[in-house]
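The structure under discussion appears below in the form of structure tokens.
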Amino acid sequence: MLIARVVVDVPLAHLDRPFDYAVPPELADDVRPGCRVRVRFAGQLVDGFVLELGDTTEHQGRLAPLAKVVSSEPVLTPEVAALARAVADRWGGTFSDVLRLAIPPRRASAEKRPPAEAPEPPPAPDPAGFARYPAGPALLTALAEGRPARAVWTALPGEDWPARLAELCQAALSGGRGALVVVPDGRDLDRLEAAAARALPKGSFVVLRADAAPDARYRRFLDVARGTATVVLGTRAAVYAPVADLGLVAIWDDGDDLHAEPRGPYAHARDVLVHRAHLAGCAAVVAATARTAEAALLLESGWAHELVGNRSALRAASPRVHALGADSELARDPAARTARLPSLAHRVAREALAAGAPVLVQVPRSGYAPGLSCERCRAPARCAVCAGPLGISATPGPGGSRVPACRWCARPAATFDCPHCHGTKLRASVLGASRTAEELGRAFPGAAVRVSGRTSGVLASVPAGPALVVATPGAEPVAEGGYGAALLLDSWALLGRADLRAGEETLRRWMNAAALVRPASAGGQVVVAADAAHPVVQALVRWDPGWLAERELADRRELGFPPATRIASLSGSPEALADFLAALRLPADADLLGPVPEQPRPGQEGVRERYLVRTPRGEGATLAHALAEVQGVRSAKKVPEHVRVQLDPTELV
DNA sequence: TAAAATGCATGT
DNA sequence: CATGCATTTTAC
């Protein structure tokens with residue numbers, strides 16, 4: 001008798017295992033490993049995937065028959081199934097949670113198309129693009145020969161990274177292997193797609209983006225599953241794409257928090273990618289302009305080699321970076337930043353504009369005055385009704401009025417009474433891009449001012465020519481011919497954060513902006529509004545992201561934070577947490593930290609708190625298993641209140 | 001949402 | 001303490 005091992009699509013943790021079903025003779029021709037089926041499960045008809053076919057079962061009782069083969073298309077490949085299982089285990093989630101991210105919803109119409117012919121592999125790429133990196137040509141050769149080379153690539157400032165990543169894919173493809181590249185957002189994906197169109201044969205690659213129409217999304221997924229397209233370019237969910245004969249996985253800007261999956265089991269694209277390279281025995285490239293502590297650990301542990309520019313190439317490519325003194329007015333008072341732009345920043349901007357070049361101005365937040373605080377005691381101003389933060393939006397209200405309002409519940413705050421000191425006046429604690437643009441317009445009359453940010457719309461690029469381009473981090477447009485200068489005005493907001501990653505994240509944002517500036521030899525200058533003695537500022541001035549990443553890693557080791565340790569965050573109501581912890585069998589050397597009250601999220605009710613569980617890195621698997629076990633017991637008992645479990649969450653205070 | 005297991009009142 | 005019926009639990 002033919003038996004199908006089926007993974008059913010139910011979110012219950014205690015049912016996270018395959019179930020055997022008998023294949024009725026009339027379905028035997030259609031059923032295939034990896035295909036979608038419907039089965040009767042606890043009375044209900046549920047969706048599932050066939051993991052494998054066999055002729056034996058461990059199950060004692062009578063096997064139920066498969067109800068239906070939804071489609072014969074093998075969408076769950078053995079390699080992806082193994083990856084999904086590993087990810088679920090590593091992050092304490094369930095297999096079906098991961099599959100929901102990995103396999104897009106089916107669209108029957110897309111399956112009707114006959115599979116296209118796979119294009120011929122291209123020739124190996126010209127290594128000239130990597131000539132400035134001593135280890136570059138060897139990496140290309142390794143990829144073309146199908147060897148599992150692993151690198152942390154730190155791109156030189158001004159690098160045409162989409163072209164380089166396309167060349168890495170071309171190398172893998174020339175050796176007959178597939179490749180997978182993950183980037184943070186749609187704008188980066190557009191650039192990568194354009195570069196791939198130049199370097200790779202037509203039809204050999206597909207672009208997977210989460211915001212694509214369901215039909216197009218499934219069609220492209222099928223191109224990959226059927227093996228017609230062997231290179232996948234995409235955003236974070238693409239780490240699970242079923243690329244045939246995977247030879248290379250790569251990620252761009254792994255420090256960008258868009259790579260952190262906000263849906264369970266909350267796995268980070270870089271970490272999934274590293275797991276995948278391990279399972280598939282393929283090459284891996286963790287690439288960025290800056291460097292994360294996680295990437296530093298990959299180097300330190302010997303898992304990856306460093307791919308960095310040589311000294312002279314770095315000198316030739318870097319802009320000149322100026323920092324301000326510690327006592328500068330600008331460094332201390334955000335409100336003084338633009339209204340009284342320090343003479344240095346003013347001069348640098350004026351010079352660039354006079355030379356006919358655009359100037360990039362990086363500000364921390366979009367909007368007009370997104371953050372407000374009490375004028376007297378400087379405590380952050382909160383909504384009297386829901387305790388959400390007050391702000392002034394970028395778009396003026398009726399009659400051009402700018403009234404403070406709650407950023408969660410949108411209630412206008414006509415009056416303000418500070419709960420700490422009973423002050424009644426508000427001041428801007430954070431200035432937004434719109435406000436900065438307004439003030440710069442006054443400081444440089446005659447210069448065109450353009451804004452790129454979430455609220456006002458993100459620009460992909462700006463033309464050469466004098467203009468002030470105000471952008472929030474991550475929304476900096478690429479300038480044709482490079483920017484003449486960049487002013488980094490968001491220093492205090494970034495460095496002042498209590499966040500564990502504040503230093504690393506600040507350098508990442510600064511470098512991503514500064515990398516768009518022309519080299520110093522072409523007049524490119526960067527002014528950073530922060531104390532020159534600060535290590536993050538030093539790393540920028542010397543353009544040494546590796547040094548800062550090593551320091552960050554050492555700090556985390558000292559403080560006992562990831563990636564040096566493994567930390568699980570447990571959040572929920574106090575009662576649910578108490579219940580959860582009572583059932584949790586902590587690994588022997590685990591610490592339990594907390595509880596700390598959690599900021600209520602918009603639309604969330606009741607008191608929530610959070611515990612952290614810390615274990616040594618080597619105990620991570622034990623911890624994840626123990627957490628999954630408790631989730632299983634709770635789901636079997638049908639405990640109504642959910643406890644959110646996140647392993648190595650990005651935000652750790 | 002189907003079968004099996006369990007709970008519970010009822011009648012001898 | 002068997003029987004019938006309702007409710008809860010299981011999960012192939």
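First the proteins, then the strands, lettered A, B, ... as listed; each starts at 1.
- Without hydrogens or angle criteria, A/Arg556 side chain to A/Pro562 main chain gives a donor-acceptor distance under 3.5 Å.
- When rounded to the nearest whole Å, the span between CG of A/Leu2 and P of C/dC12 equals 19 Å.
- Atom C1' of nucleotide C/dC12 and atom CG of A/Leu63 are separated by 6 Å, given to the nearest angstrom.
- Rounded to whole angstrom, the span from the NZ atom of A/Lys637 across to the C1' atom of C/dT8 amounts to 17 Å.
- Rounded to whole Å, the distance from CZ on A/Arg62 to C1' on B/dA2 is 14 Å.
- Checking C/dC12, C/dA11, B/dA2 against every side-chain atom of A/Arg40, the shortest atom distance belongs to B/dA2.
- Using modelled atom types and a 3.5 Å distance limit, the side chains of A/Thr650 and A/Asp257 yield no donor-acceptor pair.
- Salt-bridge annotation for A/Arg113 and A/Asp223: present, with a side-chain N of the basic residue lying under 4.0 Å from a carboxylate O of the acidic one.
- For A/Phe49 and C/dC12, the CZ to P distance is 20 Å, given to the nearest whole Å.
- Taking atom CZ of A/Arg5 as the reference point, atom P of C/dA11 lies 17 Å away to the nearest angstrom.
- B/dA4: Watson-Crick or G-U partner is C/dT8, with both key distances under 3.5 Å.
- Ring-plane geometry between A/His259 and A/His268 is classed as tilted, the angle between the planes lying from 30 to 60 degrees on a 0 to 90 degree scale.
- Residue A/Asp16 contributes atom CG, which lies 14 Å from atom C1' of C/dA11 at whole-angstrom precision.
- Regarding A/Gln44, its CD atom lies at a distance of 6 Å from the C1' atom of B/dT1, rounded to whole Å.
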